[in-house]
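Written below as structure tokens is the structure these notes are about.
Predicted model only: the values in this text are computed from it and were never measured. Below, chains carry the letters A, B, ... as their sequence lines are ordered, and counting in each starts from 1.
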2 protein chains.
Amino acid sequence: MALLRAHATLTRQMDANLQAEHELTINDYEVLLALARAPERRMRRVDLAERVLLTQSGITRLLQGLERAGFVERADCPTDRRVVYAQLTDGGYERLREASRTHLDDIRSLFAARFSGGELESLDVLLGRVLEGDSDTDCAIPD
Amino acid sequence: MALLRAHATLTRQMDANLQAEHELTINDYEVLLALARAPERRMRRVDLAERVLLTQSGITRLLQGLERAGFVERADCPTDRRVVYAQLTDGGYERLREASRTHLDDIRSLFAARFSGGELESLDVLLGRVLEGDSDTDCAIPD
DNA sequence: TGGCCATACTTGCGTCCTCAAGCTTTGTCC
DNA sequence: GGACAAAGCTTGAGGACGCAAGTATGGCCA
């Protein structure tokens, strides 16, 4: 299956670059990005987990790292005491912007090196179909 | 990036199925498959590592598991005493055949459910381009 | 109000994998 | 032939993640 190898090759590259230049995992990056676009830059942990395809325990531990680094803070929910929001800090937002500069370049060069614009589009359409319902897979950071 | 989510979704599914029904990881499966098609059903560990995109230490430990299970044996190389072949056993070959029955069905249903034949083909061509040089990404087991 | 299941989250434990360091064997270059 | 780098492999330490179990809160229904 080409998909398996294709993905492994590409993410390995992105992950290595992100980690070398910004000390962030791909999942770290995806979480920061998700938070940056969420209303008030906060999300419930459950929703984050679904967003980046981790389990809840995975999210708990990933956020522990981001909290230690000061990129994310815990925030209680006034209406439901079970939930603990993950709240993006200004520092976290800054780090995301820095990281995005080189990360987007990485992505562009990894893909653009191998595909034409039209091909990219059909790829996106095809792969998008794997993800039945959920949209929101582009790369921009709000603001 | 659709590719990231597409891959995570699909492999998670395949891996879960493989492990539930045959107690094999995707990587276990890929290694057995690679060995089944190699000349004399054996490969150097270095080459295996490159084939399934793991590090050498990753392969060492993965093979430890397969050796314990009796699917693979260590075999010395007469001309270069540094290399230790991974040699597929008859038991390993049998297990691969069993696993492939349901695994191929999984793959087919996961993909065929979402793509037409023509789409599959273009997907394959596009993704194949990510893997510059190496071919050999189909699924058949020899013999 | 009290019982009971569902939801949100955390924690303990195990697995898979990587990185860095180390060992042995091989090839090369003087 | 001997030094020395390179190749093949293993090992120790640690990271990321899943699963299952545990805690706390919320919603529901009698």
Side-chain angles (χ1 to χ4, degrees), chain A residues 4-5 7-9 11-20 22-32 42-69 72-87, chain B residues 4-5 7-9 11-20 22-32 42-69 72-87:
Chain A
L4 293 182
R5 296 174 64 71
H7 173 267
T9 307
T11 56
R12 209 164 292 259
Q13 196 65 41
M14 295 190 216
D15 209 358
N17 290 345
L18 261 181
Q19 233 160 322
H22 305 285
E23 293 184 335
L24 289 177
T25 307
I26 280 203
N27 279 338
D28 290 339
Y29 184 90
E30 293 286 327
V31 162
L32 293 181
R42 73 172 63 168
M43 276 202 207
R44 304 193 314 161
R45 283 151 139 75
V46 193
D47 300 330
L48 259 180
E50 197 198 0
R51 179 72 170 68
V52 295
L53 296 176
L54 289 185
T55 59
Q56 285 199 24
S57 59
I59 281 292
T60 293
R61 292 189 231 269
L62 192 159
L63 286 177
Q64 280 168 2
L66 294 178
E67 286 158 12
R68 259 197 304 278
V72 167
E73 285 171 350
R74 300 173 62 94
D76 290 340
C77 170
T79 68
D80 185 339
R81 296 225 293 264
R82 289 172 304 179
V83 340
V84 184
Y85 284 118
Q87 171 78 56
Chain B
L4 293 182
R5 297 175 63 74
H7 173 266
T9 306
T11 54
R12 209 165 292 260
Q13 196 66 40
M14 295 189 216
D15 209 358
N17 290 345
L18 261 182
Q19 232 160 323
H22 305 285
E23 293 185 334
L24 289 177
T25 307
I26 280 203
N27 279 338
D28 290 338
Y29 184 90
E30 293 287 328
V31 162
L32 292 181
R42 74 173 61 167
M43 277 203 207
R44 303 192 313 161
R45 283 149 140 76
V46 192
D47 299 330
L48 260 180
E50 196 198 2
R51 180 71 170 69
V52 296
L53 296 176
L54 289 185
T55 57
Q56 285 199 25
S57 58
I59 281 291
T60 292
R61 292 189 228 270
L62 192 160
L63 286 178
Q64 280 167 0
L66 294 178
E67 285 158 12
R68 259 197 305 278
V72 167
E73 286 172 349
R74 301 174 60 94
D76 290 340
C77 170
T79 68
D80 185 338
R81 294 225 296 263
R82 290 172 302 180
V83 340
V84 184
Y85 284 118
Q87 171 77 55

> Considering residues at least two apart in sequence or located in another chain, which fulfil the side chain to side chain contact (heavy atoms under 4.5 Å, CB included) criterion with A:Arg42?
Replying inline: A:Glu40, A:Tyr85, A:Gln87

> Roughly how many Å is it from CD1 in A:Ile26 to C1' in D:dG15, rounded to a whole number?
Replying inline: 16 Å

> Which nucleotide in the set D:dG8, C:dC9, D:dT10 lies at the smallest distance from any side-chain heavy atom of B:Arg45?
Replying inline: D:dT10

> Given C:dT10, is OP1 or OP2 found less than 4.0 Å from the side-chain N or O atoms of A:Thr60?
Replying inline: yes

Enumerate donor-acceptor pairs with a distance under 3.5 Å from any side-chain N or O in residues 56-65 of chain A to protein atoms, sequence neighbours excluded.
{"unit_1": "A:Ser57", "atom_1": "OG", "unit_2": "A:Thr55", "atom_2": "OG1", "d": "3.2"}
{"unit_1": "A:Thr60", "atom_1": "OG1", "unit_2": "A:Gln56", "atom_2": "O", "d": "3.2"}

> How close or far is atom C1' of C:dT26 from atom CZ of B:Arg44, stated in whole angstroms?
Replying inline: 12 Å

> What integer distance in Å separates B:Glu50:CD from D:dA7:P?
Replying inline: 13 Å

> Roughly, in whole Å, what's the span from CG in B:Leu63 to P in D:dT10?
Replying inline: 8 Å

> Whole-Å distance between C:dT10 P and A:Leu48 CG?
Replying inline: 11 Å

> Tell me: CG of A:Asp76 to C1' of C:dC9, nearest whole Å?
Replying inline: 12 Å

>> Which residues pass the salt bridge (charged side-chain N to carboxylate O under 4.0 Å, His left out) test with A:Arg82, not counting sequence neighbours?
In response: A:Asp80

> Over how many whole Å does the gap from B:Gln56 atom CD to C:dT24 atom P extend?
Replying inline: 17 Å

Strictly under 3.5 Å: I want the nitrogen or oxygen pairs between protein and nucleotides 21-29 of chain D, one per line.
{"unit_1": "D:dG26", "atom_1": "OP1", "unit_2": "A:Arg81", "atom_2": "N", "d": "3.0"}

> CG of A:Leu66 versus P of D:dG15: gap in Å, rounded?
Replying inline: 15 Å

Pairs: protein N or O with nucleotides 13-17 of chain C N or O, under 3.5 Å:
{"unit_1": "C:dC17", "atom_1": "OP1", "unit_2": "B:Asn27", "atom_2": "ND2", "d": "2.3"}

> CD/A:Gln19 to CG/A:Asp15 distance, rounded to the nearest 0.5 angstrom?
Replying inline: 5.0 Å

>> Restricting to side-chain hydrogen bond (donor to acceptor under 3.5 Å, both in side chains), what partner residues turn up for A:Asn17, sequence neighbours left out?
In response: A:Asp106

> Side chain of B:Ser57, base of C:dC19: donor and acceptor closer than 3.5 Å?
Replying inline: yes

>> Under the rule for side chain to side chain contact (heavy atoms under 4.5 Å, CB included), what residues qualify as partners of B:Ala16, not counting sequence neighbours?
In response: none

>> Could you work out, with salt bridge (charged side-chain N to carboxylate O under 4.0 Å, His left out) as the rule, every residue matching B:Glu23, not counting sequence neighbours?
In response: none

> By side-chain hydrogen bond (donor to acceptor under 3.5 Å, both in side chains), which residues pair with B:Glu67, not counting sequence neighbours?
Replying inline: B:Arg45

> With a 4.5 Å heavy-atom cut-off, do A:Met14 and A:Leu18 have their side chains touching?
Replying inline: no

